[in-house]
Every structure is written in C-alpha cells, then in structure tokens.
Amino acid sequence: MNGAQLGALLDTACERLASTGDELRELDAEVGDGDLGITVTKGAAAVRTRLATLDADVLPNDVVLAAADAFGTANPSTFASLVSSGVKAGAKATELTDMSTAEVVAFGRAVAETIARRGKSAVGDKTILDALVPSLDAAEFSADGGALEAATAAAAAGIEETAAVAAKKGRAAWAGDRGIGVPDAGATAYLRFLEALR
Amino acid sequence: MNGAQLGALLDTACERLASTGDELRELDAEVGDGDLGITVTKGAAAVRTRLATLDADVLPNDVVLAAADAFGTANPSTFASLVSSGVKAGAKATELTDMSTAEVVAFGRAVAETIARRGKSAVGDKTILDALVPSLDAAEFSADGGALEAATAAAAAGIEETAAVAAKKGRAAWAGDRGIGVPDAGATAYLRFLEALR
Amino acid sequence: MKKFINDPDSFVDEVIEGILAVHSDALRAASDDSRAIVRADAPIANQVGIVTGGGSGHLPVFLGYVGQGLCTGVAIGNVFSSPSSDQVLAATRESNGGAGVLFVYGNYGGDVLNFDDAAELAEEEGITVRTVLVADDVTSAPADRRDDRRGVAGLAFAYKVAGAAAAQGATLDEVAEAVEHLNANMGSMGVGLSPTILPAAGEPTFTLDEGEMEIGIGIHGERGVRRGPLDPADSIADELFATISDDLGLSSGDSIAVLVNGLGATPLEELYILARRVSQRCNAGGIILERTYVGEYATSLEMAGASLTVVRLDDRIRHLLAQPASSPFVGAML
Amino acid sequence: MKKFINDPDSFVDEVIEGILAVHSDALRAASDDSRAIVRADAPIANQVGIVTGGGSGHLPVFLGYVGQGLCTGVAIGNVFSSPSSDQVLAATRESNGGAGVLFVYGNYGGDVLNFDDAAELAEEEGITVRTVLVADDVTSAPADRRDDRRGVAGLAFAYKVAGAAAAQGATLDEVAEAVEHLNANMGSMGVGLSPTILPAAGEPTFTLDEGEMEIGIGIHGERGVRRGPLDPADSIADELFATISDDLGLSSGDSIAVLVNGLGATPLEELYILARRVSQRCNAGGIILERTYVGEYATSLEMAGASLTVVRLDDRIRHLLAQPASSPFVGAML
Ligand SMILES: Nc1ncnc2c1ncn2[C@@H]1O[C@H](COP(=O)(O)OP(=O)(O)O)[C@@H](O)[C@H]1O
Ligand SMILES: Nc1ncnc2c1ncn2[C@@H]1O[C@H](COP(=O)(O)OP(=O)(O)O)[C@@H](O)[C@H]1O
Ligand SMILES: [Mg+2]
Ligand SMILES: [Mg+2]
Ligand SMILES: [Mg+2]
Ligand SMILES: [Mg+2]
C-alpha cells in the first residue's frame, strides 16, 4: 500500500467514524464527561481535512504523522492527546513504508508503549490498551490477509473484559466500582476505527 | 347570624379553599406570575388560624376585620392587599351586625369601591371587580334565601366575560391580547370563595 | 423540584438567615421577622435613605443591592410576592438619616399598594418619603404608557444612580430626579428559555416546549410578546437590541452602557455570546458602547434566559454610574 | 437544547470574542486563535507568572481568574476538553516575567498531558516551569491517594493563594509550596441535581430522574459516590460538610473558610440555604467559620447543583487569602 492508498483508506474510515459520536459520547458519559464523541468526530473530520492537503506521492509514514497531528489538535482531550502522541512516536520508531502486517504491528506496539508510558497505564486498567494490545497480538499471528479481521475480533473481546472491571486510569477511575458493567469508551473508539477500515 | 356562626362558616369555607391552589396558580401563571394559588391557600390558612383565636361572643364585624387582616399579611400580593384593604374598609363603613343580605350587599359595595379606588380599576378591566360587582347586583335583587346562589351564578357569568377580553389592570395587562381566552384569576378566586360558602 | 430546600414555607426565611449569617458585617435585620434589612451602618446621618423591596427569588435583586453607594434598606416578600407595608415601614424607619427616604422599586401592583401604604405610615411618623418606580421593560407597554411598564434588570442601574446621588449629598428631590432621568433613558427586554418553579407551588409557572423561547418575558415569567422556535443567539441579541434601541430612539454617535443579564440557569458563557453580538451591532451602527455589564443582576430563580438593558449615557448618568459602590453581592459588578 | 448559541462549533471562540470585547482593558489575547489569554499588563517583570487552563464551560473558571493578584495567563480548550500544548505554551510565554511560571490547574488526564508537554517546550525556550495540580474533590479518591483526586471549586482558592504569593514577590518554589500547602488543607464535594448539555453534543451528559440527586458529582458530570432521592437541603449540607470535615480531620477550635459554590442553574437563594446550615454546623461543632464565600466560582454549564469547599486556615493561608485581588469576573468575590 502506498501513501495515496493509505490516505484514501483513512479518509473513508474517518468518514465512517462520524456516525460513532453518539455511542462514544454515551459510553464516556456513563463514567466520565461525555466528550469522547466530540473528540472522535471532530478529530476524524480534522484528519480528513488534513489528508486532502497531502501530495499524491506522499509517503505512508507522513500520512500517518499528518493524521496524528490533525487528530491531536482538533479536540485535545486525554484520548486525542494519548493517541496522537502515541501514533507520532510509533511512526517515528517504525518509519512506515509499505504497511505490511509486520510493519503495522511493530508500529502498533510502539503506539501502545507510548500510550502506556505517557498514561502511566497498563493492560487491565480499562483503557484503549485493553483493545489495542490484544489486537496487535492477534494480528501478528493471524493467517495471511486476515490480520485486520483478527485484530478486530481481539479488540472486541478485550473490550468485553473491560466491561467487567473498574477503571484504574483516567476520568473513569473516579467512578470506581460504579463503572463496572460499562465497556471502556476509548477502547470502543479504537474498535470502531478498526471496523471502519474494513 | 352571630359572630361565632360567621366564624364557623368562614372557617369551613377557608378549609375548602385549600384545594383551589393549583387552579388559581395555573390561571395566574397564564398571564401573570403564578402566585395567586399561594396567596389564597396561605391566606385561607392564616384566616383559619386567626379565627381560632377569637372569643365566642365576638361581633360579626370583628370576625370580618380579623379575617381581612390575616389574609392581607399572609402573602401580601396585589390580590391579598386589595381584598384585605377592601374588606377592612367595607367593615368599617358597614359595621356588620346580623349579616342580613342587605347588610352584606352594602358591605360588598364598599369593598368593591375601595378595590376600584386603590386599584384604579373598574368593571370591564378584567379583575375581581368583574365577578364581585355583578354578584352584588344579583344578591340585592334575589329571592329570599337565594342571595348566595344568585351571587354565585352572577360571578360565574362575569368571569366568562373576563375570558373574552384583555386585562387592563394588574400584571395580566402586560400580556395584552395574549391574555384573551383566559378567565381572570382573581375573579375566579372570588367565585371559589362564594362556592365554598355554600 | 430540583431544589436545595427544606420546607417551602420557610424558604425565604432560611435564605435570609443564611445571608445574615454570612454577611453580618455588612447587613443587619431591621425588623423582628428579618424581612426588613438595612446596611449595618444605617441610618446614614443627613443622607437620603434609599429603600427598595419586592418579592423573593430574584437575587441579587433586592437584598443584594443594599450596600455603600447603593440602597440603604430593603423589605423582602415571599417568592414573587410583595413585602407587607409593615415590613417596608420597618426598613424605612432604619434607613432614615434625617434627609428623607426615596422608595425605588419595580412597578408591580402589589408592591405599589404596600409601598404606598408604608409611605403614608412613614409620613405620619414624620419621615419624608418620595417614590420613583422603575419601569424599564419596553415590551410590557408602548412608549406612550411608559409608566405602566414593569421594572426588570434596569433596577440595578436605578440603585446605582440613587445610591451615588445620595452618597454625594443630594437632596431627596434631587435623588428622585436623578432616578427619573435615568428611567427616561433606559430600556430592557428579556427572553425566556425555561420556566421557574415557585418553591411553595412546586409546579412550573409556565411551560415551553423543547426548543421554544418566549420573547419579551418578565422576571416572574410574565408572558412576553411572542413565543416561537429558539433563534440563533445573534438573532435574539439583534431583536432585543433593535427593540430597545428603537424605543430609546438611539442614533449614531450616542453613548450607551449595556447590561446582559442572566435570568438564573443560563451559563455565563452564553451571556458573553449575546454581549459579543451587541458589541458588533454598536460598532456597525456608530453607537459608542462605553461599558458592558455581564452577569446575573436580576434573576428569576432557575429560569433559563437573559435580558438586555440599555442606558443612554449623558454626563450626569455617566458620572453617577462611575461612583464607587459595594455590597456583599454586587460590589465589583456595578 | 435551551441555549443561546449560534454554531456549536464556534461556541467557545464566540465566548472568548465576547469576553475580549467586553474586558479589553483587563485581558488580551496571547495567541492568534485567542485560546491563550493573559492579563493586559502581562508579563509582570520579576514576578512569578501563574498559568492555568482547561476545558471551557466552567466560567468563571478558568478565564475569569486572570487578573491582579490571581492568574497571569490561561489556555482555553473546547467545552470540557483540554487546551493544546501549543495554547498552553503561548500563555506561558506571555506570562513569563523572568521569575518563572507556575502551572496551577485541575487534575485531569488530558490537561496533565498537554500542560506537561507545554512545560517541556517552555523549558526548551529557557522558561522555568513548575506545576502544582489542584486535587480537592474528596470523593474522587481516598485520602491515601489524594493526588489522584480531581480538581474542582478549590481552584478558586489555589489561584488566590498563588496570585497573592506571586504578587508579594515570592520565588517560583515558594509560590508552588504555598499552593501545595493549601492543597493539603482543602477539600471539596459536590452534588448534582440536573445534567449539562455539551453544545457540540446536544444531549445531556447523564440523566437524573425527577427528584434524584447525584452525591459526589464532578464538575463535568462525572459520577459521584451515590445516586438517590433528593434530600432536604440541611441533610445535604450536613453530608457534604461531614465528609470533608472528616477528610481534613477538622476538630473543635479549628478555623476554616468555606465556599458554597453553584454549579450553574441553582439559584443563589438555594446556596444561602446551604450556607446557613454550614454555619449552624460550625457553631455546633466549635469550628470557627472565619469567612464564607457564596456564589458561582466554578460551574458546569447549566448544571443544577452545588459544591462545598472547606479550607483549614492557618496564618499563612489566612494572610494570602486576605490579599487584594481583582479580575473582571471575580474581583470582589475573592
Ligand atoms: N491514563 C490513560 N492511559 C491510557 N488510556 C487512557 C488513559 N486515560 C484515559 N484513557 C483512555 O481515554 C478514554 C477517555 O478519553 P477522553 O474522553 O478524551 O478523556 P477525558 O474526557 O478525561 O479527557 C478512556 O476511555 C480510555 O480509553
Ligand atoms: N388594579 C387592580 N384592580 C383590581 N383588581 C386587580 C388589580 N390588579 C390585580 N387585580 C386582581 O388581582 C389578581 C392577581 O392577583 P395577584 O396574583 O396577587 O397579583 P400579583 O401577582 O401581580 O401581585 C388579578 O387576577 C385581578 O383579579
Ligand atoms: Mg471524556
Ligand atoms: Mg400573581
Ligand atoms: Mg405576585
Ligand atoms: Mg474531556
């Protein structure tokens, strides 16, 4: 996949994300402040605007960097900041060229590491990491051509686990046990993004 | 009717008025501020408390003066102030002794005059006067023993007329033509009082 | 009823208790029932006393305007109902420093009756009383019946003008004349987005459908001139400003002060959106907007909505508005 | 949505435009997008700059606390969302008078990320930055994890303490230490009676049934510790006061200041009913209530509700709270 193709793929995915606003708002509002829907819809719209400014011969890595920057500044909430800086760090670490599964998984690991470090969080804390990390594991060991599907399934499974526990990080942690039963909003946003890539 | 009998009659009537709060609030709120329900329920309750303090051999005129005073201070809104000062002036002018129809009608005329003078209002302005004045006319020329019934019917007819016009006095006047269709709240309060006397 | 309240019947008395507990350095009761309140240092010898009052539920109106350079005393009624003449009289007695007392309050029937009675009683006691009614709501009566209008947020400016004139040693007639002069140069208009609930009634005073507004509403929820779908903020600001502007006959080159007042539930953020537009209109129309006040100056319990007040400035009003004033509620706001 | 609003997407920018139009004598933009704002006279040479910020929707938090004896600059995010690190950096640059800059803001994840980034960027430019997070909401984490707590209305006192120390010429470390000392002696707790609606979302952030309250709510509608039927005002005041009092370990003879803060839609009247009860509790418990602040100091758009903040006073805090402060929003309130 070249840069232009990646840009087109992301553009379609971000277009699809527009419809997730209500779901994410409601999930975030259950335990937090309800702004995640805005973060994702504004962020996705900003990504599309930014993508439209890129040259046709742009490199995949620069597509990713541009998208991360746009997403991070549109509505710089916790999720936007963590994801944006994570993706930027991932792109810097991996220098994406062909978007092969191996490359993307390595990139994803760097993203997850950065989020965990900046967010002082780990798998099990009921955050985006609970969908992101298992999805990378699944993609890495998936059959040829099945990486996205495997990642999506694993993310969905990870989210189900988040519903069973209380959050340990972020705004949702303040809700303590009252957050049990509600899946993590940020992890769900990541799942919806994977689904939108299909 | 002696003072004690009058007190008992007023006490029962005021007890009955407690249930008019919602209707009067709603009518007053249509064009005004919605506090007439409070004025009448608080006022009626205050009258009952005051009546309970009177001696058994109290004169009818003093019963009326005491009731007026209690009603006027419980929630001294426009209605309470006008009615209270009107009734006090009426009692002073008539010196009620036996509560005969002639006496009560004369008393009522004095009440109406005072309200009209203090309120700078007249019949047709869409106020309590539109029920009070016709009710006195009807009582004056009613058959023996039928004064209250005649007064009640005339008050009800007067109120219907108030619904057809815009208020010229009081808070309701600010609503102008938008008040057309709504019967006057204060006139309705007077009608409910007459009904409660039966 | 989404209210912090114990007993609806003691609502007003508990509010007053709370206010006196918190602000005992600035305010004191002037009657046994604490429904008459005066400045802690009242009466001020040889100064005209300013007495106001009316129903509760409008804080900082009325009690919040008792302070230095503002009102001397206040009488406080139940929610949306007049204080009694006795309560007004009590406030009047303790506000009289020998130079007479000016009653300044909003034009409402019940208040007029009770204040007029109190004035009579005070005169009998040898206190000279004059009255100026504030009647600034331009939608409540046409210009040829200005005096029939109800008094709304313009009260804040009336208190400031009266208090400033009194503090400068003006006579009773002079203070009254200053407020009358202000009245002739002031107009207000409100818009309501949701009703209030009187604690003792427990039901909304009116209903508005989701997405509806009441243009021209009074501060007790009195009907305005029109009910309709909620317009964008800029259109609403334009309508309020144009209506008042016409009423005052404003033209290019005029200087004004403006108050964007919140009715209770409306966030300060939204008031600034309205203020922004008014400032734009003034710039566009060549009107010199010398000062904009934004905040809650006259409320209607938890009503969502706002009102706009415009004062045409001349040297006299400008000078009085510039005087220092302080109260526990509106010190820096005025 | 019962809001005065034009376009949800331009809500915050229009609010800021309105504020700058009205208060141009006191405030100026420090970035092209006007999301960084500083005192008109910033930077103040050789004084520690105080920079705060966070999401919009809480006026007078945050912008309202930029003023003399308070904050020097602020960065303003979208409703309930952090400003970007660039915006914080812009405010920091123009707040730096050479004595370093203290970041004082509420403990929220997104803000911490962006302020930390800004601190790094500022340090690269040679500006010394320190950070003290305000974390006063006692119900958001137990006492042994105080630092995890969210920051709510106690921000007002933090600004006052920081601004007063800076104005007195304290060093960056000294100012930071003063705010930390305050933090250790301050606790807050909120109660919500109705939700807010984010302009860009158009839907309530949570729902409460008629007659329900959320005890321990955050200023973004974050869940509290308990939802239940609305208690009488006195019981609510008792619960808030007892919880904070226990957390601070207050005992007879202690001196405190108290803030009864309205979350937006709650009438001032009701806040005084709560203040009344707190004053009674103090009297009964031998606690010396030196000062009570009542009003809207940190709101959550049009949420109905209130919060209580208690500060244990010692000479150091008392002295700093007594210093003069003024801003277009909270001058006389602090
Ligand atoms: N410390 C953290 N580490 C990793 N992810 C986090 C952390 N804090 C929050 N998140 C993620 O961010 C989501 C909330 O994002 P957002 O609504 O932007 O937060 P806020 O409103 O608190 O700024 C959570 O559902 C979670 O997935
Ligand atoms: N000037 C007046 N003259 C006679 N009756 C009046 C006058 N003004 C008001 N009323 C009567 O009082 C009623 C309203 O009373 P109330 O609710 O106490 O007034 P407010 O709320 O304005 O103080 C009206 O329905 C009308 O019958
Ligand atoms: Mg959120
Ligand atoms: Mg009424
Ligand atoms: Mg009334
Ligand atoms: Mg947020």
Side-chain angles (χ1 to χ4, degrees), chain B residues 21-43 45-46 69-86 88 114-115 117-121 125 127 166-180 182 186, chain C residues 8-9 12 33 35 55-57 75 77-88 107-118 135 137 139-142 145 148-150 195-207 214 216-227 300:
Chain B
D22 279 351
E23 179 197 19
L24 298 177
R25 173 180 58 71
E26 278 168 27
L27 283 177
D28 187 33
E30 275 294 328
V31 287
D33 61 348
D35 68 340
L36 189 68
I38 296 166
T39 295
V40 170
T41 51
K42 281 208 178 185
D69 189 59
F71 188 78
T73 47
N75 196 55
S77 71
T78 308
F79 185 81
S81 301
L82 285 175
V83 168
S84 170
S85 60
K88 281 183 192 168
T114 305
I115 291 179
R117 183 175 45 75
R118 297 199 74 214
K120 303 188 180 65
S121 45
D125 286 352
T127 69
K168 296 214 186 71
K169 290 288 158 189
R171 202 182 290 270
W174 293 322
D177 287 349
R178 293 185 70 194
I180 293 176
V182 184
Chain C
D9 283 336
V12 172
D33 64 3
R35 291 301 188 96
S56 290
N78 289 332
V79 176
F80 292 5
S81 287
S82 173
S84 71
S85 52
D86 285 348
Q87 291 159 345
V88 178
N107 181 30
Y108 295 94
D111 296 316
V112 173
L113 292 168
N114 286 297
F115 275 80
D116 279 357
D117 282 355
D137 189 329
T139 66
S140 55
R145 289 198 288 114
D148 286 349
R149 291 176 174 174
R150 57 189 168 229
T196 53
I197 298 180
L198 305 197
E203 295 288 333
T205 47
F206 61 95
T207 49
E214 175 87 29
I217 201 163
I219 56 168
H220 308 88
E222 293 98 337
R223 278 209 177 188
V225 288
R226 177 167 71 79
R227 178 171 294 193
S300 187

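Note that the structure is a prediction, hence the values are computed from the model and not measured. In what follows, chains carry the letters A, B, and so on, assigned in the order in which the sequence lines appear, proteins first and then strands, with residues in each chain numbered from 1.
- In the model, Ser77(B) has a side-chain atom that pairs as donor or acceptor with a side-chain atom of Thr39(B) under 3.5 Å.
- Contacts of Asp69(B) classified as salt bridge (charged side-chain N to carboxylate O under 4.0 Å, His left out), with partners at least two apart in sequence or in another chain: Arg50(B), Lys88(B).
- The choice from Leu82(B), Thr41(B), Asp22(B) that makes the most heavy-atom pairs within less than 4.5 Å of chain C is Leu82(B).
- Of the listed residues (Ser300(C), Gly55(C), Ser84(C)), the one with the most heavy-atom contacts under 4.5 Å to chain B is Ser84(C).
- Note on Ala141(C), Gly224(C), Ser85(C): by heavy-atom pairs under 4.5 Å with chain B, the leading option is Gly224(C).
- Annotation for Ala200(C) and Pro8(C): closest pair CA-CB, 3.8 Å, computed over non-hydrogen atoms.
- The backbone N or O of Arg149(C) lies less than 3.5 Å from a partner atom in the side chain of Asn107(C), making a donor-acceptor pair.
- Listed options Gly109(C), Pro204(C), Gly77(C), Gly221(C) were ranked by heavy-atom pairs under 4.5 angstrom with chain B; first place goes to Gly109(C).
- Interface remark: Arg226(C) contributes backbone atoms only to the contact with chain B (heavy atom separation under 4.5 Å).
- Looking at Leu113(C), both its backbone and its side chain come within 4.5 Å of chain B, counting heavy atoms on both sides.
- Under 3.5 Å, the side chains of His220(C) and Arg171(B) contain a donor-acceptor pair of N or O atoms.
- For Val112(C), no part sits under 4.5 Å from any heavy atom of chain B, backbone or side chain.
- Here the closest non-hydrogen pair linking Val12(C) and Ser56(C) is CG1-OG, 3.4 Å.
- Proximity to chain B (any heavy atom under 4.5 Å) is restricted, for Pro83(C), to the backbone atoms N, CA, C and O.
- Your options are Gly202(C), Gly110(C), Gly216(C), and the one with the most heavy-atom pairs under 4.5 Å with chain B is Gly110(C).
- Contacts between Arg25(B) and chain C at a heavy-atom distance below 4.5 Å involve the side chain alone, from C-beta outward.
- Chain C forms the most heavy-atom pairs under 4.5 Å with one residue out of Ala175(B), Ala29(B), Gly34(B), and that residue is Ala29(B).
- The contact between Glu30(B) and chain C is made by backbone and side chain atoms together, counting heavy-atom distances below 4.5 Å.
- For Ser82(C) and Asp111(C), the side-chain atoms include at least one donor-acceptor pair closer than 3.5 Å.
- Neither the backbone nor the side chain of Ala45(B) comes within less than 4.5 Å of any heavy atom in chain C.
- By the salt bridge (charged side-chain N to carboxylate O under 4.0 Å, His left out) test, Asp117(C) pairs with Arg118(B), sequence neighbours left out.
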Q: Go through the steps to decide whether Asp9(C) and Lys42(B) satisfy the test salt bridge (charged side-chain N to carboxylate O under 4.0 Å, His left out), and finish with yes or no.
A: CA-CA 9 Å; Asp9(C) 283 336; Lys42(B) 281 208 178 185; 3.6 Å; yes
